[in-house]
Amino acid sequence: MNDFRFYSPTRFVFGRKVTDRTGEELAALGYRRALIVYGQGSVVRTGTLDRVKASLDAAGVEHAELSGVRPNPEIGSVRAGAQLARDFGADVVLAVGGGSAMDAAKGIAVAAPYDGDAWDFWRKRAVPSTCLPVACVVTIPASGSEASNSCVISNDAEHLKCGLNTDIYRPVLAVMDPELTFTLPPYQTAAGVTDMIAHIMERFFSGQPAAPVTDNIALGMIRAVIEAAPRVMEDPCDYDARADIMWVGTLAHNGLAGCGLGVPGGRDGDWTCHGLEHELSAFDTSITHGAGLAVIFPAWMRYVWREHPERFLEFGRQVFGIEPVDPAVDDLTGIDEEVTPERAVADAVEATIDELQDFFVSLGMPRTLSAFGMQEDDIEQLMPGLTINRGELFGSFKKLTLDDARAIYRSAL
(Lines give C-alpha, C1' and ligand atoms only; values in the text may rest on other atoms or scores of the structure.)
Protein backbone atom coordinates (compact mmCIF):
# COMPACT_ATOMS: atom_id res chain seq x y z
CA MET A 1 0.00 0.00 0.00
CA ASN A 2 1.38 3.39 -1.01
CA ASP A 3 1.48 6.34 1.39
CA PHE A 4 -1.64 8.49 1.27
CA ARG A 5 -3.47 11.44 2.81
CA PHE A 6 -7.21 11.25 3.33
CA TYR A 7 -9.28 14.33 4.16
CA SER A 8 -13.06 14.35 4.46
CA PRO A 9 -14.37 17.43 6.31
CA THR A 10 -17.97 17.15 5.09
CA ARG A 11 -20.83 16.83 7.58
CA PHE A 12 -23.38 14.38 6.11
CA VAL A 13 -27.07 14.58 7.01
CA PHE A 14 -28.63 11.53 5.36
CA GLY A 15 -32.18 10.19 5.41
CA ARG A 16 -35.84 10.73 4.80
CA LYS A 17 -37.08 14.35 4.82
CA VAL A 18 -33.70 15.80 5.83
CA THR A 19 -34.15 18.37 3.05
CA ASP A 20 -36.43 20.23 5.45
CA ARG A 21 -33.56 20.56 7.92
CA THR A 22 -31.20 22.37 5.55
CA GLY A 23 -31.68 25.78 7.12
CA GLU A 24 -31.39 24.39 10.64
CA GLU A 25 -28.10 22.67 9.76
CA LEU A 26 -26.63 25.76 8.10
CA ALA A 27 -27.67 28.02 10.98
CA ALA A 28 -26.11 25.61 13.47
CA LEU A 29 -22.83 26.03 11.57
CA GLY A 30 -23.11 29.80 11.87
CA TYR A 31 -24.16 30.74 8.34
CA ARG A 32 -26.68 33.56 7.81
CA ARG A 33 -26.60 34.52 4.11
CA ALA A 34 -26.78 31.75 1.50
CA LEU A 35 -26.47 32.02 -2.26
CA ILE A 36 -28.60 29.18 -3.64
CA VAL A 37 -27.29 27.71 -6.92
CA TYR A 38 -29.46 25.40 -9.00
CA GLY A 39 -30.11 24.18 -12.52
CA GLN A 40 -32.72 24.46 -15.19
CA GLY A 41 -35.94 23.73 -13.36
CA SER A 42 -36.24 20.21 -11.96
CA VAL A 43 -35.75 21.32 -8.34
CA VAL A 44 -38.46 23.93 -8.94
CA ARG A 45 -40.92 21.49 -10.54
CA THR A 46 -40.48 18.88 -7.80
CA GLY A 47 -40.89 21.42 -5.00
CA THR A 48 -37.40 20.75 -3.61
CA LEU A 49 -36.31 24.37 -3.95
CA ASP A 50 -39.37 25.63 -2.10
CA ARG A 51 -38.68 23.19 0.73
CA VAL A 52 -35.08 24.36 0.98
CA LYS A 53 -36.07 28.04 0.98
CA ALA A 54 -38.76 27.43 3.58
CA SER A 55 -36.20 25.75 5.83
CA LEU A 56 -33.81 28.68 5.38
CA ASP A 57 -36.56 31.16 6.22
CA ALA A 58 -37.51 29.20 9.33
CA ALA A 59 -33.88 29.20 10.49
CA GLY A 60 -33.38 32.90 9.80
CA VAL A 61 -30.93 32.34 6.94
CA GLU A 62 -31.32 34.99 4.23
CA HIS A 63 -30.90 33.85 0.64
CA ALA A 64 -30.36 34.94 -2.94
CA GLU A 65 -30.59 32.71 -6.03
CA LEU A 66 -28.61 31.87 -9.15
CA SER A 67 -30.67 29.65 -11.44
CA GLY A 68 -30.18 28.13 -14.87
CA VAL A 69 -26.94 26.23 -14.34
CA ARG A 70 -26.77 23.81 -17.25
CA PRO A 71 -25.31 20.29 -17.44
CA ASN A 72 -21.55 20.63 -18.00
CA PRO A 73 -21.66 24.03 -16.22
CA GLU A 74 -20.17 26.93 -18.14
CA ILE A 75 -17.75 29.55 -16.84
CA GLY A 76 -20.33 32.28 -17.51
CA SER A 77 -22.49 30.93 -14.67
CA VAL A 78 -19.49 30.95 -12.36
CA ARG A 79 -18.67 34.55 -13.22
CA ALA A 80 -22.29 35.67 -12.74
CA GLY A 81 -22.62 33.75 -9.49
CA ALA A 82 -19.39 35.15 -8.08
CA GLN A 83 -20.60 38.70 -8.70
CA LEU A 84 -23.97 37.91 -7.14
CA ALA A 85 -22.24 36.37 -4.10
CA ARG A 86 -20.18 39.51 -3.65
CA ASP A 87 -23.14 41.86 -4.08
CA PHE A 88 -25.31 39.86 -1.69
CA GLY A 89 -22.57 39.33 0.88
CA ALA A 90 -23.06 35.57 0.91
CA ASP A 91 -21.27 33.66 3.64
CA VAL A 92 -22.07 30.24 2.14
CA VAL A 93 -22.84 28.94 -1.36
CA LEU A 94 -25.64 26.34 -1.30
CA ALA A 95 -25.99 24.02 -4.29
CA VAL A 96 -29.39 22.37 -4.75
CA GLY A 97 -29.17 19.72 -7.45
CA GLY A 98 -26.65 17.34 -8.96
CA GLY A 99 -23.03 17.55 -10.01
CA SER A 100 -23.50 20.54 -12.30
CA ALA A 101 -25.05 22.71 -9.59
CA MET A 102 -22.44 21.56 -7.10
CA ASP A 103 -19.52 22.22 -9.44
CA ALA A 104 -20.92 25.64 -10.31
CA ALA A 105 -21.24 26.38 -6.58
CA LYS A 106 -17.62 25.37 -5.99
CA GLY A 107 -16.53 27.56 -8.89
CA ILE A 108 -18.48 30.50 -7.49
CA ALA A 109 -17.01 29.88 -4.04
CA VAL A 110 -13.40 30.23 -5.24
CA ALA A 111 -14.18 33.01 -7.73
CA ALA A 112 -16.04 35.32 -5.32
CA PRO A 113 -12.96 36.39 -3.28
CA TYR A 114 -10.70 36.53 -6.36
CA ASP A 115 -9.87 39.79 -8.12
CA GLY A 116 -9.04 38.22 -11.49
CA ASP A 117 -11.07 36.17 -13.97
CA ALA A 118 -12.46 32.94 -12.57
CA TRP A 119 -11.26 30.93 -15.59
CA ASP A 120 -7.67 31.53 -14.43
CA PHE A 121 -8.09 28.71 -11.92
CA TRP A 122 -9.16 26.10 -14.47
CA ARG A 123 -6.44 27.09 -16.94
CA LYS A 124 -3.88 26.82 -14.12
CA ARG A 125 -2.92 30.50 -14.35
CA ALA A 126 -3.77 30.97 -10.65
CA VAL A 127 -4.14 28.77 -7.57
CA PRO A 128 -7.08 29.42 -5.24
CA SER A 129 -6.06 30.14 -1.67
CA THR A 130 -9.42 31.03 -0.13
CA CYS A 131 -13.09 30.51 -0.88
CA LEU A 132 -16.58 30.77 0.51
CA PRO A 133 -17.88 27.65 2.27
CA VAL A 134 -19.92 25.30 0.07
CA ALA A 135 -22.97 23.27 1.13
CA CYS A 136 -25.11 20.89 -0.94
CA VAL A 137 -28.60 19.48 -1.10
CA VAL A 138 -28.02 16.47 -3.34
CA THR A 139 -30.78 15.53 -5.79
CA ILE A 140 -28.80 13.45 -8.30
CA PRO A 141 -26.35 10.81 -7.02
CA ALA A 142 -23.57 10.63 -9.59
CA SER A 143 -20.69 13.06 -9.40
CA GLY A 144 -19.83 12.69 -5.72
CA SER A 145 -19.10 16.42 -5.78
CA GLU A 146 -20.86 16.75 -2.42
CA ALA A 147 -17.70 15.43 -0.73
CA SER A 148 -14.94 15.66 -3.33
CA ASN A 149 -12.11 18.10 -3.96
CA SER A 150 -12.85 18.33 -7.68
CA CYS A 151 -14.81 20.69 -9.90
CA VAL A 152 -15.15 20.60 -13.69
CA ILE A 153 -16.15 23.70 -15.66
CA SER A 154 -16.60 24.29 -19.41
CA ASN A 155 -15.64 27.33 -21.45
CA ASP A 156 -17.67 27.34 -24.66
CA ALA A 157 -15.69 30.18 -26.21
CA GLU A 158 -12.48 28.16 -25.92
CA HIS A 159 -14.13 24.76 -26.52
CA LEU A 160 -12.57 23.49 -23.30
CA LYS A 161 -13.74 21.51 -20.29
CA CYS A 162 -11.21 21.64 -17.46
CA GLY A 163 -10.95 20.29 -13.94
CA LEU A 164 -9.71 21.93 -10.77
CA ASN A 165 -8.80 20.03 -7.61
CA THR A 166 -8.42 21.73 -4.25
CA ASP A 167 -9.42 20.73 -0.73
CA ILE A 168 -10.47 24.26 0.17
CA TYR A 169 -13.89 23.85 -1.43
CA ARG A 170 -14.77 20.41 -0.17
CA PRO A 171 -18.33 21.01 1.05
CA VAL A 172 -18.86 21.66 4.73
CA LEU A 173 -22.36 20.14 4.60
CA ALA A 174 -24.13 17.59 2.40
CA VAL A 175 -27.88 17.09 2.89
CA MET A 176 -28.80 13.76 1.31
CA ASP A 177 -32.40 12.57 1.08
CA PRO A 178 -32.79 9.47 -1.14
CA GLU A 179 -36.50 10.28 -1.60
CA LEU A 180 -35.48 13.26 -3.75
CA THR A 181 -34.14 10.79 -6.32
CA PHE A 182 -37.43 8.90 -6.78
CA THR A 183 -38.42 11.16 -9.70
CA LEU A 184 -35.13 10.93 -11.60
CA PRO A 185 -35.53 9.78 -15.23
CA PRO A 186 -34.08 6.30 -15.83
CA TYR A 187 -31.40 7.67 -18.18
CA GLN A 188 -30.16 10.10 -15.54
CA THR A 189 -30.13 7.38 -12.91
CA ALA A 190 -28.14 5.11 -15.23
CA ALA A 191 -25.65 7.82 -16.13
CA GLY A 192 -25.14 8.51 -12.44
CA VAL A 193 -24.51 4.85 -11.66
CA THR A 194 -21.98 4.71 -14.49
CA ASP A 195 -20.21 7.83 -13.26
CA MET A 196 -19.78 6.56 -9.70
CA ILE A 197 -18.51 3.18 -10.88
CA ALA A 198 -16.05 5.05 -13.12
CA HIS A 199 -14.83 7.10 -10.14
CA ILE A 200 -14.00 3.89 -8.31
CA MET A 201 -12.37 2.24 -11.34
CA GLU A 202 -10.16 5.26 -12.05
CA ARG A 203 -8.58 4.62 -8.67
CA PHE A 204 -8.60 0.81 -8.76
CA PHE A 205 -6.84 0.85 -12.14
CA SER A 206 -4.17 3.34 -11.07
CA GLY A 207 -1.33 1.06 -12.13
CA GLN A 208 -0.21 0.64 -8.52
CA PRO A 209 0.07 -2.67 -6.64
CA ALA A 210 -2.93 -4.10 -4.82
CA ALA A 211 -4.06 -2.50 -1.56
CA PRO A 212 -6.30 -5.25 -0.15
CA VAL A 213 -8.28 -3.15 2.34
CA THR A 214 -9.02 -0.42 -0.18
CA ASP A 215 -9.60 -2.94 -2.99
CA ASN A 216 -12.25 -4.72 -0.96
CA ILE A 217 -13.97 -1.45 -0.05
CA ALA A 218 -13.88 -0.25 -3.66
CA LEU A 219 -15.07 -3.44 -5.31
CA GLY A 220 -17.66 -4.01 -2.61
CA MET A 221 -19.15 -0.62 -3.46
CA ILE A 222 -19.30 -1.56 -7.14
CA ARG A 223 -21.05 -4.83 -6.29
CA ALA A 224 -23.54 -2.93 -4.14
CA VAL A 225 -24.45 -0.45 -6.88
CA ILE A 226 -24.66 -3.17 -9.55
CA GLU A 227 -27.14 -4.98 -7.30
CA ALA A 228 -29.16 -1.83 -6.52
CA ALA A 229 -29.37 -0.29 -9.99
CA PRO A 230 -31.74 -2.84 -11.60
CA ARG A 231 -33.99 -2.57 -8.56
CA VAL A 232 -34.51 1.16 -9.00
CA MET A 233 -35.07 0.68 -12.71
CA GLU A 234 -37.90 -1.70 -11.83
CA ASP A 235 -39.17 0.34 -8.87
CA PRO A 236 -37.98 3.98 -8.84
CA CYS A 237 -39.33 4.39 -5.29
CA ASP A 238 -37.28 1.55 -3.76
CA TYR A 239 -35.89 3.60 -0.88
CA ASP A 240 -33.19 1.17 0.21
CA ALA A 241 -31.82 0.76 -3.31
CA ARG A 242 -31.88 4.53 -3.86
CA ALA A 243 -30.10 5.03 -0.54
CA ASP A 244 -27.40 2.51 -1.46
CA ILE A 245 -26.80 4.24 -4.78
CA MET A 246 -26.70 7.70 -3.20
CA TRP A 247 -24.18 6.70 -0.52
CA VAL A 248 -21.95 4.83 -2.98
CA GLY A 249 -21.92 7.94 -5.17
CA THR A 250 -20.49 9.92 -2.26
CA LEU A 251 -17.93 7.35 -1.12
CA ALA A 252 -16.83 6.70 -4.71
CA HIS A 253 -15.35 10.18 -5.02
CA ASN A 254 -14.37 11.47 -1.58
CA GLY A 255 -10.98 9.73 -1.82
CA LEU A 256 -11.74 6.66 0.28
CA ALA A 257 -11.62 4.30 -2.71
CA GLY A 258 -8.12 5.47 -3.61
CA CYS A 259 -6.34 5.25 -0.25
CA GLY A 260 -3.02 3.49 -0.88
CA LEU A 261 -3.55 3.29 -4.65
CA GLY A 262 -2.42 6.78 -5.61
CA VAL A 263 0.46 7.46 -7.94
CA PRO A 264 3.42 8.65 -5.82
CA GLY A 265 3.71 12.40 -6.14
CA GLY A 266 0.64 12.59 -8.37
CA ARG A 267 -3.06 11.79 -8.66
CA ASP A 268 -5.04 9.30 -6.61
CA GLY A 269 -5.76 7.28 -9.75
CA ASP A 270 -5.30 7.13 -13.50
CA TRP A 271 -8.14 9.45 -14.62
CA THR A 272 -7.44 8.89 -18.31
CA CYS A 273 -11.03 7.88 -19.05
CA HIS A 274 -12.39 11.01 -17.40
CA GLY A 275 -9.93 13.04 -19.44
CA LEU A 276 -11.00 11.35 -22.66
CA GLU A 277 -14.67 11.80 -21.84
CA HIS A 278 -14.34 15.46 -20.90
CA GLU A 279 -13.31 16.19 -24.47
CA LEU A 280 -16.47 14.50 -25.73
CA SER A 281 -18.80 16.61 -23.60
CA ALA A 282 -16.78 19.74 -24.38
CA PHE A 283 -17.19 18.95 -28.10
CA ASP A 284 -20.93 18.31 -27.64
CA THR A 285 -22.36 19.65 -24.38
CA SER A 286 -25.48 17.51 -24.82
CA ILE A 287 -23.42 14.38 -24.08
CA THR A 288 -24.09 13.31 -20.50
CA HIS A 289 -20.84 12.65 -18.66
CA GLY A 290 -21.86 9.21 -17.38
CA ALA A 291 -23.08 8.14 -20.81
CA GLY A 292 -19.76 9.14 -22.35
CA LEU A 293 -17.90 7.15 -19.68
CA ALA A 294 -20.06 4.10 -20.44
CA VAL A 295 -18.51 4.08 -23.91
CA ILE A 296 -14.99 5.28 -23.14
CA PHE A 297 -14.15 3.10 -20.15
CA PRO A 298 -14.62 -0.30 -21.84
CA ALA A 299 -12.72 0.95 -24.90
CA TRP A 300 -9.81 2.07 -22.70
CA MET A 301 -9.87 -1.22 -20.79
CA ARG A 302 -9.58 -3.27 -23.97
CA TYR A 303 -6.66 -1.11 -25.08
CA VAL A 304 -4.57 -1.24 -21.88
CA TRP A 305 -5.39 -4.37 -19.89
CA ARG A 306 -2.25 -6.28 -20.88
CA GLU A 307 -0.16 -3.76 -18.94
CA HIS A 308 -1.45 -5.09 -15.59
CA PRO A 309 -3.71 -8.10 -16.23
CA GLU A 310 -3.69 -9.06 -12.56
CA ARG A 311 -5.82 -6.02 -11.70
CA PHE A 312 -8.42 -7.00 -14.28
CA LEU A 313 -8.47 -10.56 -13.00
CA GLU A 314 -9.07 -9.31 -9.45
CA PHE A 315 -11.80 -6.96 -10.68
CA GLY A 316 -13.52 -9.75 -12.62
CA ARG A 317 -13.26 -12.20 -9.73
CA GLN A 318 -14.66 -9.85 -7.07
CA VAL A 319 -17.28 -8.02 -9.12
CA PHE A 320 -18.58 -10.68 -11.51
CA GLY A 321 -17.25 -13.98 -10.17
CA ILE A 322 -15.18 -14.54 -13.33
CA GLU A 323 -12.12 -16.77 -13.00
CA PRO A 324 -9.65 -17.83 -15.71
CA VAL A 325 -10.35 -21.34 -16.96
CA ASP A 326 -7.84 -23.87 -15.65
CA PRO A 327 -6.75 -26.02 -18.61
CA ALA A 328 -5.73 -28.72 -16.16
CA VAL A 329 -9.38 -29.64 -15.56
CA ASP A 330 -10.26 -30.03 -19.24
CA ASP A 331 -11.05 -33.72 -18.84
CA LEU A 332 -13.91 -32.85 -16.56
CA THR A 333 -15.23 -29.82 -18.43
CA GLY A 334 -14.58 -30.63 -22.05
CA ILE A 335 -12.42 -27.53 -22.49
CA ASP A 336 -10.31 -27.39 -25.62
CA GLU A 337 -6.86 -28.79 -24.77
CA GLU A 338 -5.28 -25.97 -26.80
CA VAL A 339 -6.25 -23.37 -24.19
CA THR A 340 -3.04 -21.92 -22.74
CA PRO A 341 -2.70 -20.03 -19.47
CA GLU A 342 -2.22 -16.82 -21.47
CA ARG A 343 -5.38 -17.49 -23.45
CA ALA A 344 -7.28 -18.28 -20.25
CA VAL A 345 -6.28 -14.92 -18.77
CA ALA A 346 -7.20 -13.06 -21.96
CA ASP A 347 -10.59 -14.77 -22.10
CA ALA A 348 -11.31 -13.94 -18.45
CA VAL A 349 -10.35 -10.29 -18.90
CA GLU A 350 -12.38 -9.90 -22.08
CA ALA A 351 -15.35 -11.56 -20.38
CA THR A 352 -15.00 -9.10 -17.48
CA ILE A 353 -14.98 -6.08 -19.78
CA ASP A 354 -17.92 -7.47 -21.76
CA GLU A 355 -19.86 -8.05 -18.55
CA LEU A 356 -19.23 -4.50 -17.37
CA GLN A 357 -20.23 -2.94 -20.68
CA ASP A 358 -23.31 -5.16 -20.94
CA PHE A 359 -24.33 -3.94 -17.48
CA PHE A 360 -24.05 -0.31 -18.58
CA VAL A 361 -26.05 -1.04 -21.73
CA SER A 362 -28.69 -2.93 -19.74
CA LEU A 363 -29.36 0.32 -17.87
CA GLY A 364 -29.86 2.22 -21.12
CA MET A 365 -26.36 3.57 -21.63
CA PRO A 366 -24.88 3.72 -25.16
CA ARG A 367 -22.35 1.19 -26.40
CA THR A 368 -20.61 3.33 -29.04
CA LEU A 369 -19.69 6.94 -29.78
CA SER A 370 -21.75 6.74 -32.94
CA ALA A 371 -24.81 6.70 -30.66
CA PHE A 372 -23.98 10.36 -30.00
CA GLY A 373 -23.74 11.03 -33.73
CA MET A 374 -19.94 11.14 -33.63
CA GLN A 375 -17.89 10.15 -36.66
CA GLU A 376 -14.22 9.43 -37.22
CA ASP A 377 -13.66 12.91 -38.63
CA ASP A 378 -14.71 14.37 -35.27
CA ILE A 379 -11.86 12.71 -33.37
CA GLU A 380 -9.24 15.21 -34.44
CA GLN A 381 -11.30 18.04 -32.98
CA LEU A 382 -10.89 16.44 -29.54
CA MET A 383 -7.09 16.55 -29.63
CA PRO A 384 -6.37 20.24 -28.85
CA GLY A 385 -8.37 20.16 -25.62
CA LEU A 386 -6.89 16.82 -24.61
CA THR A 387 -3.40 18.20 -25.17
CA ILE A 388 -4.11 21.24 -22.99
CA ASN A 389 -5.72 19.23 -20.20
CA ARG A 390 -3.60 16.07 -20.18
CA GLY A 391 -0.49 16.79 -22.23
CA GLU A 392 1.09 14.67 -24.95
CA LEU A 393 1.90 11.78 -22.59
CA PHE A 394 -0.55 10.83 -19.87
CA GLY A 395 -1.92 7.99 -17.78
CA SER A 396 -0.50 5.96 -14.89
CA PHE A 397 -1.93 2.49 -15.60
CA LYS A 398 -0.28 2.69 -19.01
CA LYS A 399 1.46 5.70 -20.48
CA LEU A 400 -0.51 6.85 -23.51
CA THR A 401 0.20 9.24 -26.34
CA LEU A 402 -2.21 11.32 -28.36
CA ASP A 403 -2.06 8.60 -31.05
CA ASP A 404 -3.16 6.08 -28.41
CA ALA A 405 -6.05 8.39 -27.56
CA ARG A 406 -7.03 8.54 -31.22
CA ALA A 407 -6.98 4.73 -31.36
CA ILE A 408 -9.20 4.44 -28.26
CA TYR A 409 -11.71 6.93 -29.62
CA ARG A 410 -11.70 5.13 -32.97
CA SER A 411 -12.27 1.75 -31.35
CA ALA A 412 -15.30 3.18 -29.54
CA LEU A 413 -17.10 4.44 -32.66
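Below, each value reflects all heavy atoms present in this structure, side chains not excepted, and no hydrogens, waters or symmetry copies. Keep in mind the model is a prediction, meaning the values are calculated, not measured. We number each residue from 1, following the sequence as shown.
No side-chain donor-acceptor contact under 3.5 Å links D195 to the backbone of A191. Between the T10 side chain and the P171 main chain, a donor and an acceptor come within less than 3.5 Å of each other. Remark: the backbone N or O of C259 is paired with a side-chain donor or acceptor of T214 at under 3.5 angstrom.
Cation-pi geometry between R33 and F88 is satisfied (NZ or CZ under 6.0 Å from the ring centre, within 45° of the ring normal). Geometric assessment of R16 against the ring of Y239 yields a positive cation-pi assignment under the 6.0 Å and 45° thresholds.
The number of heavy-atom neighbours closer than 6.0 Å to CD of Q375, taken from other residues, nucleotides and ligands shown, is 12 or below. Remark: R11 CZ is loosely packed, at most 12 non-hydrogen atoms of other residues, nucleotides or ligands lying under 6.0 Å away. For CD of E307, the number of neighbouring non-hydrogen atoms (other residues, nucleotides, ligands) closer than 6.0 Å is greater than 12. Atom CZ of R5 has 12 or fewer neighbouring heavy atoms from other residues, nucleotides or ligands inside a 6.0 Å radius. Within a 6.0 Å radius of CG in D403, more than 12 heavy atoms belonging to other residues, nucleotides or ligands are found.
If you check the side chains of H274 and R390, you find no donor sitting under 3.5 Å from an acceptor.
Checked against the 6.0 Å centroid threshold, Y303 and F397 do not count as a close aromatic pair. The aromatic ring centroids of F297 and W300 lie less than 6.0 Å from each other.
The side-chain contact (heavy atoms from CB on, under 4.5 Å) test applied to A218 returns I200, A257, not counting sequence neighbours.
Between A105 and V134 the shortest heavy-atom distance is O-CG2, 4.2 Å. Counting all heavy atoms, side chain and backbone alike, R367 lies closest to Q357 at O-NE2, 3.3 Å.
Contacts classified as ring pair (Phe, Tyr, Trp, His ring centres under 6.0 Å) and involving residues 347-381 (residues at least two apart or in different chains) are not found.
Put simply, NZ on K161 and CG on L280 are 9.0 Å apart, with the number rounded to the nearest 0.5 Å.
Each of L94, D57, V92, L26 was compared with H63 under the side chain to side chain contact (heavy atoms under 4.5 Å, CB included) criterion, and only D57 meets it.
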